[in-house]
There are 2 protein chains.
Amino acid sequence: MKYIWYNMEAREILKEHIARTAVLTDEEFDRFFSCFKPLTFKKGQVVIREGDKVDSEYFVISGCLKAFFVNDDVKMYILQFAMPTWWTSDYNALYSGARAGINVDCITDVELLCLSNADREKLCKEIHQVEHFFRWRTNKGYVAAQRRLLSFMNNDAKARYEELLKLYPQLYNLVPKHLIAAYLGVSRETLSRLYNSH
Amino acid sequence: MKYIWYNMEAREILKEHIARTAVLTDEEFDRFFSCFKPLTFKKGQVVIREGDKVDSEYFVISGCLKAFFVNDDVKMYILQFAMPTWWTSDYNALYSGARAGINVDCITDVELLCLSNADREKLCKEIHQVEHFFRWRTNKGYVAAQRRLLSFMNNDAKARYEELLKLYPQLYNLVPKHLIAAYLGVSRETLSRLYNSH
DNA sequence: ACTGAAATGTGACGTAGGTCACGTAATCCT
DNA sequence: AGGATTACGTGACCTACGTCACATTTCAGT
C-alpha cells in the first residue's frame with residue numbers, strides 16, 4: 001500500500017536539512033534529490049520487517065515511526081523514534097548486507113524520502129560534500145547513542161522517563177505509553193506507576 | 001609524562017587499518033600520516049580528564065584504555081575499552097567543542113597516534129578518501145553502539161558478561177574484573193557471583 | 001452508534017541485582 | 001622484604017522493577 005507522492009515541501013525540507021552541514025550547489029542538490037523516492041505509509045504499516053533484505057534508508061518528512069526489536073519472549077524494545085528530519089533504517093543490515101534484525105513501522109501516517117544504499121554510495125563518491133554530510137550525520141548519531149547508553153547505565157526508569165520528555169515533549173501525546181515504556185526499557189506497568197503520583 | 005616515540009610498525013598498522021576501508025595513494029598516505037603525533041602513556045595515566053578541552057582523537061597502536069564516566073555517587077561506567085586499531089576520545093566533546101564529560105585513561109602501558117580535530121577536518125577536505133574512511137569508521141561505531149544498547153535492554157547481567165567474553169576474550173585476563181563489571185553496568189559483587197557458579 | 005480491540009490503571013507477589021560489611025588474596029612501591 | 005594499596009569473594013539484607021491478573025477507559029472499523 002505504498003504509493004508515490006510529491007510535494008514541493010519535501011524538497012525544501014531536505015534541502016534545508018542538508019544545508020546545516022554541507023554546502024551543495026543547486027545542480028548538486030538537484031542530482032542529490034533526484035535519487036530520493038517519495039513514499040507514504042498509513043499508521044501501522046511496516047516499512048522494514050525482520051528478515052527482509054534492506055537496501056534503503058529513509059528520511060522522515062512528516063509523521064512518526066519506530067525502529068524496534070522483538071525478542072523470543074515477544075517483548076519489544078524500541079531503538080529509535082523517528083521524527084521529521086530524522087533518518088531511519090536497520091543500519092546494521094543496510095551496511096552489512098545482512099537480513100533485517102529489527103522492524104520499522106509507522107506510529108502515525110508518514111511521508112518518507114527513500115534513498116538506496118547504492119545511490120548513497122554513488123552520491124558520496126560523486127559529490128564530496130555529500131560524503132561530508134553523511135559523515136556528520138552518523139557522527140551525531142553515534143554521540144547520541146553513547147549518551148543514551150550512559151543514561152541507561154546511570155539513571156533509573158523515572159530519570160530516563162523525565163529525560164525523554166524533556167528532550168522530546170511532542171512524544172507525550174503522540175505515541176502510546178506502552179511504546180514509551182518499550183523505549184525506556186521498563187514494563188508498561190512500571191511506567192504507569194511512575195507518573196501516577198509517587 | 002607523555003613523550004614522543006616513533007616506530008615503523010605504527011605507520012604500517014595505521015596504513016593497514018585505513019586500507020580496509022579507503023584507497024589512498026602513497027603520497028596521500030604520507031600526508032595523512034604526517035598529521036598524527038605519536039604518544040606513549042604508562043599504565044594508569046590519564047589521556048582525557050573530565051573538564052578538559054578536547055581537541056584530538058587517538059588511534060591505539062598497543063595497550064588498552066578505558067573511556068568512562070563517573071557519576072555524583074562516584075560510580076564508574078565504562079563506555080568503551082579501546083584496544084589496538086581502535087579509536088578513542090570523548091567524541092561528544094570533540095565534535096561539539098564542549099568540555100570533556102568523560103575520562104579516558106590507560107589500563108596498561110599504551111602507544112597512541114594522536115590526530116587533532118582540526119587536522120582531521122583538513123584531511124577530510126583535502127582527500128576525499130579520508131572523508132570516506134571516517135564516515136565508515138563512525139558508521140560501524142554507530143551500529144556497535146546500537147547493538148550494545150539492545151543488549152542492555154534485552155539481556156541480563158550474565159548474558160551480557162558471556163557476550164562480552166565471547167566478543168573480546170583477551171579482556172578476561174587483561175583488565176580487572178571490577179572494570180568488566182563497570183562496562184557491563186553491574187556491581188562487582190554481582191559479577192563475582194555470576195561466574196563463581198550459580 | 002455499536003462492538004471488539006487496544007491502551008491504561010492498579011493490586012499482590014516474585015526476583016535480579018544493589019548495598020553494606022567484612023574477610024582473604026594478589027600487586028605495587030620504596 | 002614488608003607495608004600498603006588494590007583486587008576479589010561471600011553472606012545478609014534491601015529495593016526497583018518485572019510478572020500476572022483483572023478492571024476500566026479509549027479508540028478504530030463497520
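Each chain gets a letter, A, B and so on, in the order its sequence line appears, and its residues count up from 1. Every heavy atom of this structure was used, including side-chain atoms; hydrogens, water molecules and symmetry mates were not.
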Query raised in the report: Side chains of A/Thr40 and A/Glu111: donor-acceptor distance under 3.5 Å anywhere?
Result: no

Requested in this report: Would you please say whether a donor-acceptor pair under 3.5 Å links the side chains of A/Asn71 and B/Asn154?
Outcome: yes

**Report entry** Steps toward side chain to side chain contact (heavy atoms under 4.5 Å, CB included) verdict (B/Phe59, B/Ile61)
**Finding:** CA-CA 6 Å; B/Phe59 178 75; B/Ile61 296 295; 3.7 Å; yes

Query raised in the report: Got a donor-acceptor contact below 3.5 angstrom from the B/Arg160 side chain to the B/Leu184 backbone?
Result: yes

**Report entry** Pairs meeting criterion salt bridge (Lys or Arg N to Asp or Glu O under 4.0 Å) with involvement of residues 62-83 of chain A, two or more places apart
**Finding:** A/Lys66-A/Asp105

Query raised in the report: Where along residues 172-183 of chain B does a heavy atom fall under 4.0 Å from DNA chain D?
Result: B/Pro176, B/Lys177, B/His178

Where do N or O atoms of nucleotides 12-18 of chain C meet protein N or O atoms at under 3.5 Å, pair by pair?
unit_1: C/dA12; atom_1: N6; unit_2: A/Arg193; atom_2: NH2; d: 3.4
unit_1: C/dG17; atom_1: OP1; unit_2: B/Ala157; atom_2: N; d: 2.9
unit_1: C/dG18; atom_1: OP1; unit_2: B/Gly185; atom_2: O; d: 3.4
unit_1: C/dG18; atom_1: OP1; unit_2: B/Ser187; atom_2: N; d: 3.4
unit_1: C/dG18; atom_1: OP2; unit_2: B/Ser187; atom_2: N; d: 3.0
unit_1: C/dG18; atom_1: OP2; unit_2: B/Ser187; atom_2: OG; d: 3.0
unit_1: C/dG18; atom_1: OP2; unit_2: B/Thr190; atom_2: OG1; d: 2.6

Query raised in the report: Between the side chains of A/Trp87 and A/His17, is a donor N or O closer than 3.5 angstrom to an acceptor N or O?
Result: yes

What nitrogen or oxygen pairs link the protein and nucleotides 25-30 of chain C at under 3.5 Å?
unit_1: C/dC28; atom_1: OP1; unit_2: B/Lys43; atom_2: NZ; d: 3.2

Query raised in the report: Could a donor-acceptor pair under 3.5 angstrom be found where the side chain of A/Glu189 meets the base of D/dC20?
Result: yes

Requested in this report: Could I get the full list of side-chain hydrogen bond (donor to acceptor under 3.5 Å, both in side chains) partners for A/Asp156, not counting sequence neighbours?
Outcome: none

Report task. Inspect the surroundings of NZ in B/Lys15 and state if more than 12 heavy atoms from other residues, nucleotides or ligands are less than 6.0 Å away. Result -> yes

Query raised in the report: Between D/dT10 atom C1' and B/Tyr195 atom OH, what is the distance in whole Å?
Result: 12 Å

Report task. Could you verify whether a donor N or O on one side chain and an acceptor N or O on the other, from A/Gln146 and B/Tyr91, lie under 3.5 Å apart? Result -> no

Query raised in the report: When the distance from CG of A/Asp73 to C1' of D/dC20 is rounded to whole Å, what number comes out?
Result: 15 Å

Query raised in the report: By side chain to side chain contact (heavy atoms under 4.5 Å, CB included), which residues pair with A/Ser56, not counting sequence neighbours?
Result: A/Tyr58, A/Cys114, A/Ser116

